[in-house]
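Here the structure is a predicted model, which means the values were calculated and not measured.
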Protein chains: 2
Amino acid sequence: MPTTQPGSTIPDPPAPSRRELNKAATRQAITDASLRLLRSKGPGNFTVEDIADAAAISRRTFFNYFGSTEAALASITHGFLDNALAQFRLRPADEPILESARAALVQLADPMTVAPMAELYSLSQSNPQLNRSELEAWDHCTGQIIEAARERFAGTHGAELDELYLRALAGSVISCGKAAMDVWFARCGADLSAKSLAILRQLLIDAMGLLGSGFMPTANLSSDRH
Amino acid sequence: MPTTQPGSTIPDPPAPSRRELNKAATRQAITDASLRLLRSKGPGNFTVEDIADAAAISRRTFFNYFGSTEAALASITHGFLDNALAQFRLRPADEPILESARAALVQLADPMTVAPMAELYSLSQSNPQLNRSELEAWDHCTGQIIEAARERFAGTHGAELDELYLRALAGSVISCGKAAMDVWFARCGADLSAKSLAILRQLLIDAMGLLGSGFMPTANLSSDRH
DNA sequence: GCAGAAACTTGCACAGAGTGTAAATATGCA
DNA sequence: TGCATATTTACACTCTGTGCAAGTTTCTGC
């Protein structure tokens, strides 16, 4: 029962006002409508007006929330990656970054979290327009990881972390996470069974392992693990 | 004097026909005009029609060559990365992939090659539209590296390379290359002096070194090398 | 060299994307 | 309740991107 007593000493989630609730609902209605249309008509076969009608809003309002149909769908990916980032930030500050990344990514291999992402993957396969927005989402996440790692380092040490180290590492972590997702999807499609998710988890662990070991050439023997 | 004797036994560059020359010239005229307009008006402040006028072609013809203004500009990045890929393919097949990547990237730190890229970087800083196309170009290159590495491995060994290894490595190499370029640009701007290019070269080498050593946490001491 | 084929360019028309503006409506706050 | 502020909406407008058909250039075989 989340009471919001005015005298509460803990800031709580600061009282979601009516306006914020409405906006969140509209936003959700738009992404839901977009996903429905993507399912029923396929990528590129529906317009912003279609989405607006399906979400019971005006075309103009759609553009108050998203800049394009792709952006509306990419919000799913953004949600997924924001989740990953939140997990990353929860890790202890003295942990090696790669280990934090591994732990954060493994958290994502859970049905509720991965389901929308998997569906989006399967529906947007081989569609250039959507792929660009996906790339943008992953890139945005890279930027956020850079920020998070920088803050973490500045917190524990006094100095600043080398910029190349930071950017190269963050980019590689994201690339490896993406590679694991790609391989998983190619191998399992949108299958969300426990077995399939275990494979995803292992792929994410393996990918971080490869990164941590500097991609030793012998590592390609790992293919017979599956 | 590039004679094209019919009896020549070597296939040569197979006789660039008039049509191909015209197309190449038009393509070049479009990218040149785009870059000129980017310089003079800034990103987002000119239309396809402006480019078409400047290149002395019709609007419709522009779209026969490129799908958008961004795509026209991204052809610069594509050229740069195609160059990198060609260097990669020239490396001996038994060399470790990371070493090949390092060598290929270092080849790019040369004024003629890097100049257009550097200018594009400086002009499209903080412009979302252009950045998306840039990301797409890097991603496209990742795909090509995956292909190249797969072929190379299949050539020397009989078996297939583990898909995760391949994708994670290719993605990380590209990420690190990009990170090095980003840091270089942040540090040196569009400066193309020998000293600046030496820094770029060293950044690329360092980035590949980080990748090869698995991002050992002590590596961040490298910042005092510069 | 010349006719016909094939490739390329161009103008036109049209659907859709994206944005500024101002009026209408909903929400927050005293 | 009543005013201030935030949000939605309709409308108009520019620009994008594409199909189509008519014009122009290049290529091919004769």
Side-chain angles (χ1 to χ4, degrees), chain A residues 4 6 12-34 37-38 41-75 124 127-133 136, chain B residues 4 6 13-34 37-38 41-75 127-133 136:
Chain A
T4 312
D12 271 341
S17 74
R18 188 48 169 278
R19 274 194 178 134
E20 292 171 65
L21 289 175
N22 284 346
K23 286 190 76 167
T26 301
R27 193 176 194 81
Q28 192 62 44
I30 292 175
T31 63
D32 288 352
S34 302
L37 283 165
L38 182 63
K41 305 203 168 190
N45 297 327
F46 55 97
T47 71
V48 169
E49 190 157 15
D50 294 333
I51 300 176
D53 288 350
I57 55 168
S58 75
R59 200 181 78 98
R60 191 62 181 81
T61 296
F62 173 93
F63 283 112
N64 288 343
Y65 284 84
F66 297 102
S68 63
T69 57
E70 293 79 40
L73 289 166
S75 74
S124 42
N127 186 69
Q129 300 284 311
L130 280 175
N131 271 344
R132 263 196 287 178
S133 289
E136 202 179 9
Chain B
T4 311
S17 74
R18 189 46 167 278
R19 272 190 182 138
E20 291 171 64
L21 289 175
N22 284 346
K23 286 190 75 169
T26 302
R27 195 178 193 79
Q28 192 61 46
I30 293 175
T31 63
D32 287 353
S34 302
L37 284 165
L38 182 63
K41 305 205 167 185
N45 297 327
F46 56 97
T47 71
V48 169
E49 192 156 13
D50 294 334
I51 300 175
D53 289 350
I57 56 168
S58 74
R59 200 180 78 96
R60 190 63 181 80
T61 296
F62 173 92
F63 284 113
N64 288 342
Y65 284 83
F66 297 102
S68 63
T69 57
E70 292 79 39
L73 289 165
S75 73
N127 185 69
Q129 300 283 311
L130 281 175
N131 271 344
R132 261 196 289 178
S133 290
E136 202 179 9

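In this structure, CD on E70(B) lies 12.0 Å from OG on S75(B), to the nearest 0.5 angstrom. Distance check, rounded to the nearest 0.5 Å: CG of L130(B) to CZ of R132(B) gives 10.5 Å. Atoms OH and OG1, on Y65(A) and T31(A) in that order, are 11.5 Å from each other to the nearest 0.5 Å. The structure places CZ of R19(B) at 7.5 Å from OG of S17(B), a figure rounded to the nearest 0.5 Å. Note: D53(B) CG to F62(B) CZ = 12.0 Å, rounded to the nearest 0.5 Å.
Between its two ends, the helix from dG1(C)-dC30(D) to dA30(C)-dT1(D) turns its axis by 30°, counting five pairs per end and rounding to 10 degrees.
Looking at every heavy atom in both residues, A29(A) comes nearest to A55(A) through O-CB, 3.8 Å. The two residues A71(B) and S133(B) have their closest heavy-atom pair at N-OG, 4.2 Å.
In this structure, of dT7(D), dT9(D), dT25(D), it is dT25(D) that holds the atom nearest to the side chain of R19(B). The side chain of T61(A) has dT8(D) as its nearest neighbour among dT8(D), dT26(D), dA6(D).
Atom CD1 of I30(A) and atom C1' of dT7(D) are 12 Å apart (whole Å). Between the CD atom of Q129(A) and the C1' atom of dG17(D) there is a distance of 10 Å, rounded to whole Å.
Checking I51(B), T69(B), N64(B) one by one against I30(B), the side-chain contact (heavy atoms from CB on, under 4.5 Å) holds for a single residue, I51(B).
A nucleotide of DNA chain C counts as in contact with chain A when one of its atoms lies under 4.0 Å from a heavy atom; the first and last such, 5' to 3', are dG16(C) to dG28(C).
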Subject >> Stepwise side-chain contact (heavy atoms from CB on, under 4.5 Å) check, F66(A) with L73(A) >> reply: CA-CA 9 Å; F66(A) 297 102; L73(A) 289 166; over 6 Å; no

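Among the atoms of the strands shown, only primed sugar atoms or phosphate atoms (P, OP1, OP2) are found under 4.0 Å from some heavy atom of R18(A). Counting non-hydrogen atoms under 4.0 angstrom, N22(B) reaches the backbone sugars and phosphates but no base. The residue Y65(B) sits close only to the backbone: its heavy atoms come under 4.0 Å of sugar-phosphate atoms, none of a base.
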Original post:
Which parts of nucleotides 10-15 of chain D does protein reach within less than 4.0 Å, heavy atoms only, written one letter per nucleotide 5' to 3' as B for base, S for sugar-phosphate only and - for none?
Top reply: BB---S

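Under a 3.5 Å cut-off, the side chain of D50(A) and the backbone N or O of T47(A) do form a donor-acceptor pair. In terms of modelled atom types and a separation under 3.5 Å, the side chain of S124(A) and the main chain of N127(A) share no donor-acceptor contact.
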